[in-house]
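Lettering of chains follows the sequences in order, A, B, ..., and the numbering in each one begins at 1. As the structure is a computational prediction, the values presented were derived from the model and not from experiment.
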Amino acid sequence: MVRVLMAIMLVTSVNCFAAIDAYPFPDEQLQQRYNGLIDELRCPQCLNTNLAGSDAMIAQDLRREVHRMLLDGDTDDEILSFMYERYGDFILYRPRLGGGTLVLWLGPLLLLMLAAIAWFRLARAKPKVLEISSDEQARLDKLFVEGDS
Amino acid sequence: MTFNKSLLIPLGVFALMVVFLALGFGLKDPRLLPSVLIDKPFPKFELEDLRQPGRLRTIADISGEVSLVNVWATWCFNCLIEHPELLRISRETDVPLYGVNYNDENAKALNWLARHENPYEFSIVDDKGTLAIDLGVYGAPETFVLDANGVIRFRHVGPVTPEVWRQTLLPVVEHLQGMSDG
């Protein structure tokens with residue numbers, strides 16, 4: 001009985017592989033670079049999915065292109081540049097430095113510096129001593145005396 | 001009592017956030033990618049003509065005058081929506097319209113053109129999507145306006161409706177035609 005069940009499960013589970021386009025690579029290192037690249041490249045049609053996680057037609061085409069370029073001996077940098085020249089900043093999850101992305105890269109640093117300055121000034125500021133006139137002091141003394149009695 | 005100016009800082013930060021959020025969420029469609037190919041030459045290609053198998057088309061076939069290049073496919077629903085307008089443009093204007101049949105099957109594409117009429121001077125077979133990738137295409141339909149030198153001057157993502165043609169594409173085309181005449 002168990003064997004029959006296992007056989008059935010084995011046969012039906014094959015379907016799971018159908019939708020994934022697994023590309024063959026001659027060695028493990030290329031495969032790892034491929035995985036890294038499709039992880040880092042964003043699918044241009046989807047709002048927030050990388051190439052590895054998308055089933056969109058353009059994602060399939062771009063995965064095929066990454067595979068082809070890797071087999072052609074292109075470096076990771078060349079492949080990322082190829083994509084960047086066609087799809088712009090959007091396709092890179094780690095955008096390049098320059099132009100509009102400057103705010104992205106330097107913004108957090110700037111905010112951190114502002115926070116540090118604010119914190120420094122707050123920490124250095126002496127607590128203010130309130131000054132009161134002699135009239136007020138007299139009233140205060142009177143209040144204390146009345147409160148005691 | 002004197003007014004403490006530092007009380008204004010949170011208000012300023014809030015105003016800044018409002019501006020950034022409005023820019024990020026409100027004013028533009030996040031699905032529209034800015035094209036990096038504007039003012040760059042149309043990518044080189046050597047692909048078969050859809051209706052004349054064996055005949056290779058190159059960039060030389062589409063440059064020479066201001067033209068439109070439309071990326072289409074039979075699986076693309078919006079292509080059907082823009083089709084009447086493309087037919088009208090090809091009939092009523094003298095702007096040449098070229099098709100890039102993207103990730104499609106030739107038999108289906110020919111069938112589609114026969115059924116819905118052919119607005120294109122010719123269509124290029126891009127069944128592997130390589131030209132589309134060089135164009136930075138991420139869906140269909142997309143329409144490019146090329147100047148007489150074959151340089152990409154404008155890109156429209158989505159269907160070419162009569163409004164899009166009148167308000168967006170036609171002014172670009174006329175401007176470019178004026179430039180190449182003068």
Side-chain angles (χ1 to χ4, degrees), chain A residues 21 38 41-51 54-69 72 74 79-93 95-96 98-101 103-104 107-108 110-111 114-115 117-122 125 128 130-131, chain B residues 1-2 4-6 9-10 12-13 16-17 19-20 23-25 28-45 71-79 100 102-105 126-142 144 152 155 157-158:
Chain A
D21 47 20
I38 63 172
L41 288 165
R42 189 189 207 171
C43 161
Q45 203 179 27
C46 332
L47 277 188
N48 224 339
T49 316
N50 54 17
L51 286 187
S54 171
D55 212 24
M57 181 180 286
I58 184 66
Q60 293 173 25
D61 285 353
L62 291 180
R63 281 199 297 265
R64 189 199 59 223
E65 209 64 13
V66 170
H67 173 249
R68 182 188 63 75
M69 291 180 82
D72 281 357
D74 286 309
I79 294 172
L80 292 177
S81 294
F82 173 90
M83 296 295 173
Y84 178 75
E85 277 158 24
R86 283 154 183 80
Y87 292 95
D89 285 318
F90 187 91
I91 198 147
L92 303 176
Y93 266 119
R96 305 198 157 176
T101 61
V103 181
L104 276 180
L110 205 74
L111 283 178
L114 278 178
I117 291 169
W119 179 75
F120 189 69
R121 286 182 57 169
L122 279 177
K128 270 187 191 153
L130 286 175
E131 286 177 21
Chain B
M1 172 157 177
T2 57
N4 190 346
K5 283 191 187 108
S6 63
I9 292 176
V13 171
L16 212 68
M17 273 172 66
V19 169
F20 273 109
L23 284 177
F25 292 117
K28 57 173 192 165
D29 184 350
R31 274 162 297 193
L32 286 183
L33 269 58
S35 181
V36 280
L37 281 141
I38 300 297
D39 293 338
K40 298 223 174 99
F42 196 84
K44 287 196 174 61
F45 64 90
V71 180
W72 68 282
T74 58
W75 47 261
C76 149
F77 182 71
N78 280 334
C79 295
V100 174
Y102 168 47
N103 271 355
D104 216 337
E105 290 166 39
D126 189 26
D127 53 350
K128 298 276 191 299
T130 49
L131 176 58
I133 290 175
D134 284 342
L135 280 168
V137 165
Y138 54 95
E142 290 196 18
F144 295 84
I152 297 171
R155 173 197 200 177
V157 178

Item to complete: Sort A:Phe82 into side chain, backbone, both or neither according to what part of it lies under 4.5 angstrom from a heavy atom of chain B.
Response: side chain
Worksheet item: Does any heavy atom of chain B fall under 4.5 Å from the side chain of A:Glu85, the backbone, both, or neither of them?
Response: backbone
Discussion item. The criterion is salt bridge (charged side-chain N to carboxylate O under 4.0 Å, His left out); which residues satisfy it with A:Arg96, sequence neighbours excluded?
Written reply: none
Item to complete: Could you tell me the separation between the CG atom of B:Asn103 and the CH2 atom of B:Trp72, rounded to the nearest 0.5 Å?
Response: 12.5 Å
Practice prompt. Heavy-atom distances under 4.5 Å only: say whether B:Ile133 touches chain A with side chain, backbone, both or neither.
Written response: both
Item to complete: Considering only heavy atoms and a distance below 4.5 Å, find which of A:Ile91, A:Leu62, A:Asp61, A:Asp89 pairs most often with chain B.
Response: A:Asp61
Worksheet item: If you round to the nearest 0.5 Å, how far is SG of A:Cys46 from CD1 of A:Ile58?
Response: 9.5 Å
Discussion item. The criterion is salt bridge (charged side-chain N to carboxylate O under 4.0 Å, His left out); which residues satisfy it with B:Asp134, sequence neighbours excluded?
Written reply: A:Arg86
